[in-house]
Protein chains: 2
Amino acid sequence: MLTVSLASPIALHDQIVAGLRDLIARGTLAEGDELPPVRQLAADLGINLNTVARAYRELTDSGLLASVRGRGTIVIATVERALGPRADDRKRIEAGLAAAFNDAKIAGFSRESIEPIVQRQLDRLWKRSATS
Amino acid sequence: MLTVSLASPIALHDQIVAGLRDLIARGTLAEGDELPPVRQLAADLGINLNTVARAYRELTDSGLLASVRGRGTIVIATVERALGPRADDRKRIEAGLAAAFNDAKIAGFSRESIEPIVQRQLDRLWKRSATS
DNA sequence: CCGATTGTATCACACTTTGATACTAAGTCA
DNA sequence: TGACTTAGTATCAAAGTGTGATACAATCGG
């Protein structure tokens with residue numbers, strides 16, 4: 001359900017955050033769903049419980065999760081948030097896309113080769129009958 | 001031409017790398033162009049020269065720049081690389097796009113609202129007569 | 001109440017980032 | 001050639017960040 005890589009240059013807790021956000025974004029984790037306890041997920045991933053706890057906390061601070069000591073952690077964000085995107089979100093997201101596209105351009109991708117990748121990503125999150 | 005933020009969670013040298021890659025990707029910096037000396041760019045940005053040197057070195061290792069002690073640093077990568085993208089590049093780029101799109105989905109963006117943003121990013125790098 | 005389970009806080013260690021400083025190589029000009 | 005400037009590089013220290021070991025606190029079930 002979730003994996004991390006010790007060899008990755010990305011910090012472990014950031015990998016967990018990204019993985020959980022991915023599961024939430026695609027609807028695998030929906031509002032009210034319980035997450036595994038920090039100790040269990042840490043054991044499954046072979047890492048320290050603090051690292052998982054930190055990821056949970058960051059997502060809690062972001063308003064996606066809710067943790068109660070002794071009870072557990074659940075998802076509280078629906079996939080489409082009630083109030084829609086804010087200006088801050090847009091800026092951050094545009095920066096993320098720009099970095100990825102710059103990377104693609106320098107790596108030698110053509111527009112024709114990158115567009116199908118983008119379409120597949122969009123289809124993955126915002127379901128639409130496949131174009132093929 | 002380039003700015004960095006001390007407040008950003010992203011490391012300074014990574015900000016410089018991303019900024020230079022952006023300039024290269026959009027063609028502002030082309031093959032053969034000289035980059036400012038590490039001391040000058042460091043002074044302009046108000047940071048240490050080692051930080052700039054590290055960014056230059058990382059891009060040199062990536063094959064985008066060439067540095068010669070005593071002479072300077074130049075761009076050696078054309079925007080479209082000779083051999084085209086490799087499998088590693090594709091994986092990394094897909095991961096970057098997925099993270100940005102997940103972010104957008106969770107932030108409440110609809111597919112209709114994200115698509116124009118994507119199109120504008122693509123137009124920015126792979127010029128095409130504007131659709132407007 | 002007592003124990004089990006869960007998230008949280010504290011502390012230590014290792015690695016990374018950033019900076020201060022010194023060194024080395026290439027060019028310039030007398 | 002030799003002195004000087006300009007360029008990237010190497011070395012070392014300080015501060016910050018990531019990860020882990022351990023102990024603490026809150027909740028639930030018997």
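Residue numbers begin at 1 in each chain, while the letters A, B, ... track the order of the sequences.
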Q. Does B:Arg69 have any salt bridge (Lys or Arg N to Asp or Glu O under 4.0 Å) partners at least two apart in sequence or in another chain, and if so, which?
A. none

Q.
Taking side-chain hydrogen bond (donor to acceptor under 3.5 Å, both in side chains) as the definition, give me every residue that meets it alongside A:Arg57, ordered by chain and number, with sequence neighbours left out.
A. none

**Q.** Contact state string [nucleotides 25-30 of chain D, B base, S sugar-phosphate only, - no protein heavy atom under 4.0 Å]
**A.** BBBS--

Q.
Strictly by salt bridge (Lys or Arg N to Asp or Glu O under 4.0 Å), give each pair with a member in residues 28-48 of chain B just once, sequence neighbours left out.
A. none

Q) Which residues pass the side-chain hydrogen bond (donor to acceptor under 3.5 Å, both in side chains) test with A:Ser110, sequence neighbours left out? A) A:Ser113

**Q.** Co-members of B:Ile76 in a cluster of I, L, V, M, F, W and Y side chains, linked at under 4.5 Å
**A.** B:Ile74

Q: Can you sort out which residues in residues 60-67 of chain B have a heavy atom within less than 4.0 Å of DNA chain D? Ascending by number, please.
A: B:Ser67

Q: Would you indicate whether B:Arg71, at its atom CZ, is surrounded by more than 12 heavy atoms from other residues, nucleotides or ligands within a distance under 6.0 Å?
A: no

Q | Whole angstrom value for the distance that separates P of D:dA7 from CG of B:Leu35 | A | 12 Å

Q. Does anyone know the first and last nucleotide of DNA chain C in reach of chain B, 5' to 3', at under 4.0 angstrom to a heavy atom?
A. C:dT17 to C:dG27

Q: Would you mind classifying the nucleic acid contact of B:Arg39 as base, sugar-phosphate or nothing, using non-hydrogen atoms under 4.0 angstrom?
A: base

Q) Roughly how far apart are A:Gln121 CD and A:Ile114 CD1, rounded to 0.5 Å? A) 9.5 Å

Q: Quick one, give me the B/S/- string for nucleotides 13-21 of chain D, reading 5' to 3', where B means a protein heavy atom under 4.0 Å from the base and S means that only happens at the primed atoms, P, OP1 or OP2.
A: -----SBBB

(Q) Please enumerate all residues that pass side-chain hydrogen bond (donor to acceptor under 3.5 Å, both in side chains) together with A:Thr60, with sequence neighbours excluded. (A) none

For residues 2-14 of chain A, run the donor-acceptor check on the side chains, cut-off 3.5 Å, and write out each pair with its distance to 0.1 Å, sequence neighbours left out.
| unit_1 | atom_1 | unit_2 | atom_2 | d |
| --- | --- | --- | --- | --- |
| A:Ser5 | OG | A:Ala7 | N | 3.2 |
| A:Ser5 | OG | A:Ser8 | N | 3.2 |
| A:Ser8 | OG | A:Ile10 | N | 3.0 |

Q: Kindly indicate, with the supporting measurements, whether the criterion side chain to side chain contact (heavy atoms under 4.5 Å, CB included) is fulfilled by B:Arg124 and B:Arg120.
A: CA-CA 6 Å; B:Arg124 179 176 68 88; B:Arg120 195 150 40 76; 5.9 Å; no

Q. What pairs with B:Val38 under side chain to side chain contact (heavy atoms under 4.5 Å, CB included), at least two apart in sequence or on another chain?
A. B:Val52, B:Ala53, B:Tyr56

Q) Starting at CD of B:Glu34 and ending at C1' of D:dG8, how long is that distance when rounded to a whole Å? A) 14 Å

**Q.** A:Arg26 and A:Asp22 ion-paired at < 4.0 Å
**A.** yes

